*Asks:* 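The structure is given below, and queries will be raised subsequently.
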Amino acid sequence: LPVLPDVQLSLRPGIVDFSWGHPDLALLPAGDIAGAAGQALADAGGAALSYGAEQGPGRLLEQLAAWLARDEGAAPPLDQLMITGGVSQALDMLCTVLTRPGDAILVQSPAYHLALRIFHDHGLHLVPVAADEGGLQPGALAEALAGLAHEGRKANLLYTVPVFSNPAGVTLAPERRPAVVQMAQRAGLLVLEDDVYHQLWYDVPPPPSLYSVAPAGPVVRLGSFSKVLAPGLRLGWLVAAPDIVRRCAGSGMLDSGGGVGHFVAHIVAAYMAEGRLDDHVVTLRAAYLARRDALLAAMSRYLPQGCSWLRPGGGFFVWLRLPAGVDGTALLAAAEAAGVSFVPGARFYAGPAGEDGRESCRLAFTLLPVEQQKEGIRRLAAVLAGAP
Ligand SMILES: Cc1ncc(COP(=O)(O)O)c(C=O)c1O
């Protein structure tokens, strides 16, 4: 009988695989979640297993608002906060509620490739906006808006990962933030601020969110328990103006099925009430910092001349620029034959990747133990040494 997989992750024997932006299973707190599940059922009984409030259970909204206040200095008002099924479900829901096929959406470039897939699912027209070491470039945003206006079109959404971006690991500079928000406000754009890596900083905390520049203004801030706790929970949140929260919570899907992840939301509320989340995030930061530093050290030691990269201050990824003329997509087959894998840079572009995109690849450092990372980089270096 064929055996269907339980998880997305599938590791191939003999390959050190830097392509997965996944946590190590050993870092997922199964025992504590089991305890919180028991506590949630003891506390709420059948209410934990009923259809949930569309906005999410109040007991989690309150815990979460207090937790978010620690990063931002102020808790979001409870009519501006909603529980989601993670960033992926939130993006899908926002597209359902706010867009029609053929609408234009501006996307940071390069951007999280699987968010781009969600926008494609909704038939949206993707318009790239270039980002550099300082994140999204306000000048490129102005050009993209002018280009659309020239074609007689208008975008209503801008998707950006302003902190420790996937794939490039860059953070939107504090001095660019007011400009981005003001441009969005003027252009009638809603900014989808995908802030999944905000809490996973390894050197210094990131700047306050784009949302905090103009609370309840043109920004929807998306967060997730996937990166700070466990992706299998499929639980996250959004912070937005009350009318956006009302439109999402009033969608047909939630009206029919109740709030997403209702029982899981009770488990996470119990977990947070025990004060465990902060300790867990500290543990993750220490583990990922060690893995990031091991990867960077191996890259410095083994990779040949012509390779370059930025040191990501947090998140899951290092964006490697390959020597001129080396195409990441073309390199992949040779790399896998030599026992190492990655995601080629071109995958993260909504349009043509250009040289910068093609001559790059994304390396994730969260899944693999330090020794394997070192071995993987040694193999990659050997392949590059033989690359044309
Ligand atoms: C930028 C970004 N957004 C969203 C996600 C997925 O988030 P979630 O698990 O909450 O759906 C990821 C996961 O890799 C990501 O890197």
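We use all heavy atoms of the structure for the numbers below, so side chains are in, but hydrogens, waters and symmetry mates are not. What you see is a predicted model, and the numbers here were worked out from it, not measured in a lab. Counting starts at 1 for both ligands and their atoms, following the listed order.
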*Asks:* Less than 3.5 Å apart, any donor N or O on the side chain of Asp92 or His122 sitting next to an acceptor on the other?
*Replies:* yes

*Asks:* Show me a pair-per-line table, with atom names and distances to 0.1 Å, of protein N or O atoms that are under 3.5 Å from an N or O of ligand 1.
*Replies:*
unit_1	atom_1	unit_2	atom_2	d
ligand 1	3 (N)	Asp194	OD1	3.4
ligand 1	3 (N)	Asp194	OD2	2.6
ligand 1	9 (O)	Ser226	OG	2.6
ligand 1	9 (O)	Arg234	NH2	2.6
ligand 1	10 (O)	Val87	N	2.7
ligand 1	10 (O)	Ser224	OG	2.6
ligand 1	10 (O)	Ser226	OG	3.3
ligand 1	11 (O)	Val87	N	3.4
ligand 1	11 (O)	Ser88	N	2.9
ligand 1	11 (O)	Ser88	OG	2.6
ligand 1	11 (O)	Arg234	NH1	3.3
ligand 1	14 (O)	Lys227	NZ	2.9
ligand 1	16 (O)	Asn166	ND2	2.8
ligand 1	16 (O)	Tyr197	OH	2.5

*Asks:* Any chance you could pull the hydrophobic cluster mates of Val170, using side-chain heavy atoms under 4.5 angstrom and chaining through other members?
*Replies:*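 Same cluster as Val170: Leu310.
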
*Asks:* Between Arg153 and Asp103, is there a side-chain N and carboxylate O pair less than 4.0 Å apart?
*Replies:* no

*Asks:* Around atom CD of Gln305, are there more than 12 heavy atoms from other residues, nucleotides or ligands closer than 6.0 Å?
*Replies:* no

*Asks:* Any ion pair linking Asp194 and Arg221 (charged N to carboxylate O, less than 4.0 Å)?
*Replies:* no

*Asks:* I need the single residue from Val97, Val219, Val220 that forms a side-chain contact (heavy atoms from CB on, under 4.5 Å) with Ile244. Which is it?
*Replies:*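 Output: one option passes, namely Val220.
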
